[in-house]
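These notes are about the structure you will find just below.
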Amino acid sequence: MPELPEVETIKRDLEQEVLNKKIIGIKVSLPRLIKIPTVNQFRKCLKEAFIKMIKRKGKYILCFMNTGDCLIFHLGMSGSLLYQKRNERVVARVNNKHNHLLFIFEDGSKMIYNDVRQFGKIWLIKENYKLREIESLGWEPLEENFTLQEFTRTIQSKKGNIKSLLMNQKIIAGIGNIYANEVLFLAGIHPMRKGNSLNNNELWKLYLSIKNVLNNAVLARGTTIADESYRDLQGKPGSYIEKVLVYGKKTGKCPVCGNPLSVIRIENRSTFLCSSCQR
DNA sequence: AAAGTAACCTGCCCGC
DNA sequence: TGCGGGCAGGTTACTT
């Protein structure tokens with residue numbers, strides 16, 4: 001799915017387009033996506049409301065409404081939020097058949113939730129309600145309170161393999177399969193290393209790699225790995241794919257030493273690495 | 001208690 | 001050309 005950089009890009013774009021626009025119409029065509037409350041309640045509570053502030057937590061987008069409610073999106077594996085002005089069509093290769101939720105604003109513009117695989121989730125809760133999925137999230141890797149000291153302490157106390165730890169949203173929020181692969185390659189660390197086996201120097205390299213990869217991916221507006229994958233709010237692809245060093249390169253060569261890359265499976269996810277550079 | 005597996009979905013790609 | 005298997009950015013629930 002959209003990992004942290006993709007979700008952050010969508011969040012920033014939304015802030016430019018939908019803040020303070022009154023919702024005058026709501027169409028729900030896949031009720032199953034809405035986890036809380038019922039579809040009828042959802043529509044009733046959002047009608048005539050507007051978004052006054054947007055935040056991102058991990059891979060979640062939180063829209064704080066003027067009504068005191070909070071509208072939350074998780075884009076799952078293939079979800080997109082798309083925006084179109086009145087009489088404007090979403091360009092891009094996005095199949096309308098997977099449009100599941102539509103908001104129409106007062107000025108005639110629209111926000112569409114599109115999701116091929118339907119793994120996304122949407123909630124509408126009171127803004128002070130503690131949603132378990134949000135409450136259990138770990139460190140925000142781009143925030144200042146995520147320090148090398150905290151990172152070191154957290155990882156050195158864990159026995160699991162480092163790739164699973166990086167992807168565990170309860171430990172660090174926002175890293176998925178693409179960026180976990182990239183971060184570990186950049187840090188020169190083998191994905192199967194145990195958390196508690198990493199020394200201070202390795203954790204320092206890993207910490208810098210997390211910040212580096214995520215910040216650069218945000219600057220590139222995310223990673224689009226195929227025509228039908230991630231799109232921003234305007235339906236455009238992200239360009240970090242040009243910077244990707246190992247993810248998806250089944251037959252590729254290591255950009256550092258030139259040896260063939262390996263693919264292994266960790267927690268049933270493809271894991272790309274250079275077995276001579278990553279130890 | 002940690003680690004593996006199935007489940008939720010649709011679509012693409014590859015081999016036969 | 002068609003069919004089956006495997007795989008895809010994620011997360012949770014249920015097994016071992």
Side-chain angles (χ1 to χ4, degrees), chain A residues 1-11 29-36 56-61 72-81 93-101 113-123 131-138 155 157-184 191-197 213-214 217-218 220-232 236-241 243-244 246-251 263-272:
Chain A
M1 110 141 185
E3 305 179 32
L4 185 152
E6 292 76 28
V7 178
E8 179 65 22
T9 300
I10 294 169
K11 179 254 182 186
S29 31
L30 188 64
R32 179 156 41 80
L33 289 175
I34 297 167
K35 302 303 166 183
I36 297 179
R56 178 193 56 75
K57 290 194 178 191
K59 302 172 189 172
Y60 295 80
I61 296 170
I72 302 178
F73 296 90
H74 188 290
L75 308 182
M77 202 81 123
S78 55
S80 303
L81 278 170
R93 309 170 59 111
V94 175
N95 190 334
N96 291 339
K97 149 178 155 187
H98 302 296
N99 289 351
H100 304 311
L101 175 60
Y113 179 73
N114 179 290
D115 190 350
V116 173
R117 294 180 65 185
Q118 307 175 15
F119 290 169
K121 293 178 180 170
I122 298 166
W123 299 261
L131 191 67
R132 179 176 48 84
E133 287 84 345
I134 301 285
E135 291 301 305
S136 65
L137 292 174
I155 298 300
S157 68
K158 304 282 191 298
K159 284 179 270 189
N161 70 69
I162 186 62
K163 186 184 180 223
S164 298
L165 296 177
L166 292 179
M167 290 178 68
N168 184 337
Q169 304 301 300
K170 295 183 171 68
I171 299 174
I172 302 171
I175 299 177
N177 202 30
I178 295 178
Y179 298 114
N181 277 281
E182 294 301 305
V183 163
L184 287 164
M192 285 303 288
R193 287 283 300 281
K194 304 297 176 199
N196 60 9
S197 79
V213 168
L214 294 179
V218 170
R221 301 180 56 80
T223 304
T224 299
I225 58 181
D227 280 344
E228 64 279 2
S229 72
Y230 160 77
R231 297 282 160 167
D232 69 15
K236 299 197 206 95
S239 67
Y240 194 77
I241 189 66
K243 306 269 175 61
V244 163
V246 291
Y247 177 81
K249 302 191 187 291
K250 289 180 179 59
T251 57
V263 192
I264 60 176
R265 284 190 88 76
I266 298 176
E267 288 190 338
N268 231 17
R269 312 298 296 278
S270 289
T271 306
F272 301 85

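These numbers come from a predicted model, not from an experiment. Heavy-atom basis, side chains included; hydrogens, waters and symmetry copies ignored. In what follows, chains carry the letters A, B, and so on, assigned in the order in which the sequence lines appear, proteins first and then strands, with residues in each chain numbered from 1.
Between H74(A) and the phosphate of dG10(C), there is no side-chain N or O to OP1/OP2 separation shorter than 4.0 Å. Between dT11(C) and K59(A), a contact under 4.0 Å exists linking OP1 or OP2 to a side-chain N or O. Proximity of S270(A) to the phosphate of dC7(C): no side-chain N or O atom is located under 4.0 Å from OP1 or OP2. For H98(A), no side-chain nitrogen or oxygen approaches OP1 or OP2 of dC9(B) to under 4.0 Å. Proximity of R265(A) to the phosphate of dG4(B): no side-chain N or O atom is located under 4.0 Å from OP1 or OP2.
Relative to the side chain of Q118(A), the nucleotides dT11(C), dG11(B), dC9(B) differ in distance, and dC9(B) lies closest. When distances are taken from the side chain of R32(A) to each of dC9(B), dT11(C), dT10(B), the shortest belongs to dC9(B). Among the nucleotides dT11(C), dC12(B), dA8(C), the one closest to the side chain of E228(A) is dC12(B). Distances were taken from every side-chain heavy atom of K170(A) (C-beta onward) to each of dG11(B), dT12(C), dT11(C); the shortest belongs to dT12(C). The M77(A) side chain lies nearest to dA8(C) when the options are dT12(C), dT11(C), dA8(C). Ranking dC8(B), dT12(C), dG11(B) by closeness to the F119(A) side chain, first place goes to dC8(B). Residue R132(A) places its side chain closer to dT12(C) than to any other of dG10(C), dT12(C), dT10(B).
Atoms NZ (K35(A)) and P (dG10(C)) sit 18 Å apart, rounded to a whole Å. Rounded to whole angstrom, the span from the CD1 atom of I172(A) across to the P atom of dT11(C) amounts to 14 Å. Distance, I134(A) CD1 to dT11(C) P: 11 Å, rounded to whole Å. Taking atom CG of residue N99(A) and atom P of nucleotide dT10(B), one finds them 15 Å apart after rounding to whole Å. What separates CZ of R117(A) from P of dA8(C) is a distance of 9 Å, to the nearest Å. One can place CZ of R269(A) at 7 Å from P of dA8(C), the figure rounded to the nearest angstrom. Atom NZ of K163(A) and atom C1' of dG10(C) are 12 Å apart (whole Å). The CG-P distance, from N196(A) to dA1(B), rounds to 18 Å in whole Å.
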| note | Given Watson-Crick and G-U pairs under 3.5 Å, DNA chain B in dot-bracket ([ ] crossing, | other strand) is .|||||||.|||||||

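A distance of about 28 Å separates the P atoms of dA1(B) and dG10(C), rounded to the whole Å. To the nearest whole angstrom, the two C1' atoms, one in dC3(C) and one in dC8(B), are 24 Å apart. Across dT5(B) and dG6(C), the matching P atoms stand 14 Å from one another, rounded to whole Å. For the P atoms, the distance from dT11(C) to dG11(B) is 22 Å, rounded to whole Å.
For the pair E133(A) and T223(A), nearest-nucleotide mapping onto DNA chain C gives the more 5' position to T223(A).
Checked against ring pair (Phe, Tyr, Trp, His ring centres under 6.0 Å), Y247(A) has the following partners two or more places apart in sequence or in another chain: F272(A). Applying the side-chain hydrogen bond (donor to acceptor under 3.5 Å, both in side chains) rule to S197(A) yields the partners R193(A); only residues at least two apart in sequence or on another chain are considered. When the ring pair (Phe, Tyr, Trp, His ring centres under 6.0 Å) test is applied to F73(A), no partner is found at least two apart in sequence or on another chain. Partners of E8(A) by salt bridge (charged side-chain N to carboxylate O under 4.0 Å, His left out), not counting sequence neighbours, listed by chain and number: R12(A), R56(A). In this structure, the side-chain hydrogen bond (donor to acceptor under 3.5 Å, both in side chains) partners of R32(A), at least two apart in sequence or on a different chain, are Q118(A).
Aromatic ring pairs are classed by plane angle as parallel below 30°, tilted from 30° to 60° and perpendicular above 60°; the pair Y113(A) and H100(A) is tilted.
Contacts of E267(A) with the nucleic acid, taken as non-hydrogen atoms under 4.0 Å apart, are absent. Residue contacts shown for Y247(A) are limited to sugar-phosphate atoms, with no base heavy atom under 4.0 Å away. K250(A) comes within contact range of no nucleotide atom at all, as no heavy-atom separation falls under 4.0 Å.
A 4.5 Å side-chain heavy-atom check between H74(A) and K59(A) finds at least one atom pair inside the cut-off.
For the side chain to side chain contact (heavy atoms under 4.5 Å, CB included) test with N177(A), the passing option among M167(A), E182(A), E267(A) is M167(A); the others fail.
Using a distance-only test at 3.5 Å, with no hydrogens or angles considered, a donor-acceptor pair links the side chain of N114(A) to the main chain of N95(A).
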